[in-house]
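Below: the structure, in structure tokens.
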Amino acid sequence: MINSERQTARPIRWAMVGGGRGSQIGYIHRSAALRDRTFDLVAGAFDIDPARGQAFGAELGLDPARCYPDDQALFAGEAARPDGIEAVSIATPNSTHFPIAKAALDHGLHVVCEKPLCFTVAEAEELQRLAASRSRVVGVTYGYAGYPMIEQARAMVASGDLGDIRLVNLQFAHGFHNTAVELDNPATRWRVDPRFAGPSYVLGDIGTHPLYLARVIAPELKIKRLLCARQSFVASRAPLEDNAVTLMQYDTGAFGTVWSSAINAGATHSQKVRIVGSRASLEWWDEHPNQLSFEVQGEPARAIERGMAYLHPEALAADHISSGHAEGLFEAWANLYGKFAAAMEATDRGDTARLASLRYPDIAAGVEGVRWVETCVRSADAGGVWVDYA
Ligand SMILES: NC(=O)c1ccc[n+]([C@@H]2O[C@H](COP(=O)([O-])OP(=O)(O)OC[C@H]3O[C@@H](n4cnc5c(N)ncnc54)[C@H](O)[C@@H]3O)[C@@H](O)[C@H]2O)c1
């Protein structure tokens, strides 16, 4: 259980690019990073509008001299200080991730980057090579991976509780964009514009989340080939899709599906991961993240609860409060940021044993997400055909 004991020797000096006032995801980055004093927010370039970003930084309580007009000024200004930043989080629209992450790594900084990591596998692999050559950590905020019940699911699959894995049913299918809300909502407008969003909308924006969860829960499953069909039900979004279905063949013989959608009218979030084995199934739903459904064929279904003594130790390690109290996305993200900080510190110390003990969405997870989107788009745009996944 987490009790606010130090997870790192001292807080890591940290900045944000993006995540300004009114942004969807800025606050949860700050909340997660600052929760257990693993990071100390000392600088930032928070907004596409320099003046608005600098005013916002000052209102967060930062030294106004360290609230910069843009990322380039941030990296240059901080590099010139003896107490400059050691890490940066990037919470800007997708099109900016690659150049900002590359500049950060070039300045020797550890990076936390939003998903999708970038637009192409070539770019993602360039970041991977750069991070390796500079010995820097890149964490990717697949935030749902911080939920303890995902660790429980992983441990149960590894223990053989399900038998042989046959099916992986994944979905992230919300209904918030079932009409052209982008006409009034800037945060949706860039998501349906390929110049800012990249080659996909829902595949990259939400489909990659359950895809990463399945990777954590059943790591032995490797995609062999896939078929994707994508549609733009709000026609003005074409060529970007607001709905997509992906079929996946794994090299074990297991089969998977991913439904990614923003037009699932009436649904709130509807992110679900269902793993079907030869003996039993597990299901996790992000709207009830403290429970895991365990269904053994021929027996009554069981609701496994967070925080209970019967859980695997990995699922108990990151609790913040006893069972029966609801934990949520803020705790999950804090768990993830704790691991990012531990990985950055272990990297700086050259502590390879500690690094090997940490599992978190790293640069390889970022590359994998981009590869999946790129392959889905290739399949869909060829008319929905099976393509090899390499
Ligand atoms: N991990 C998750 O669960 C999750 C959830 C939502 C969004 N995201 C990702 O986070 C990123 C941001 O999404 P959002 O919904 O918060 O977007 P948003 O449009 O709500 O906010 C973007 C913020 O970035 C700022 N910004 C834009 N360009 C900038 C630049 N060049 N320099 C500095 N600041 C800049 C904007 O002013 C704004 O404050 C996207 O990549 C998105 O995919 C991830």
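These numbers come from a predicted model, not from an experiment. Counting starts at 1 for both ligands and their atoms, following the listed order.
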Any chain of hydrophobic side-chain contacts (each under 4.5 Å) joining Phe340 to Ile25? yes
Of Ile150, Ile304, Leu311, which meets side-chain contact (heavy atoms from CB on, under 4.5 Å) against Leu292? Ile304
Can you see whether Asn264 engages Trp259 through a side-chain donor-acceptor pair at a distance of less than 3.5 angstrom? no
Check whether any side-chain N or O of Ser379 sits under 3.5 Å from a backbone N or O of Cys228 as a donor-acceptor pair, and report yes or no. yes
Answer yes or no: is there a donor N or O on one side and an acceptor on the other, between the side chain of Arg306 and the main chain of Ser322, under 3.5 Å? yes
All side-chain hydrogen bond (donor to acceptor under 3.5 Å, both in side chains) counterparts of Gln249, not counting sequence neighbours: Arg225
At a heavy-atom distance under 4.0 Å, which protein residues reach ligand 1? Sort them by chain and number, would you? Val17, Gly18, Gly19, Gly20, Ser23, Gln24, Ile25, Ala45, Phe46, Asp47, Ile48, Ala91, Thr92, Pro93, Asn94, His97, Glu114, Lys115, Thr141, Ala187, Trp190, Arg191, Asp205, His209, Trp333
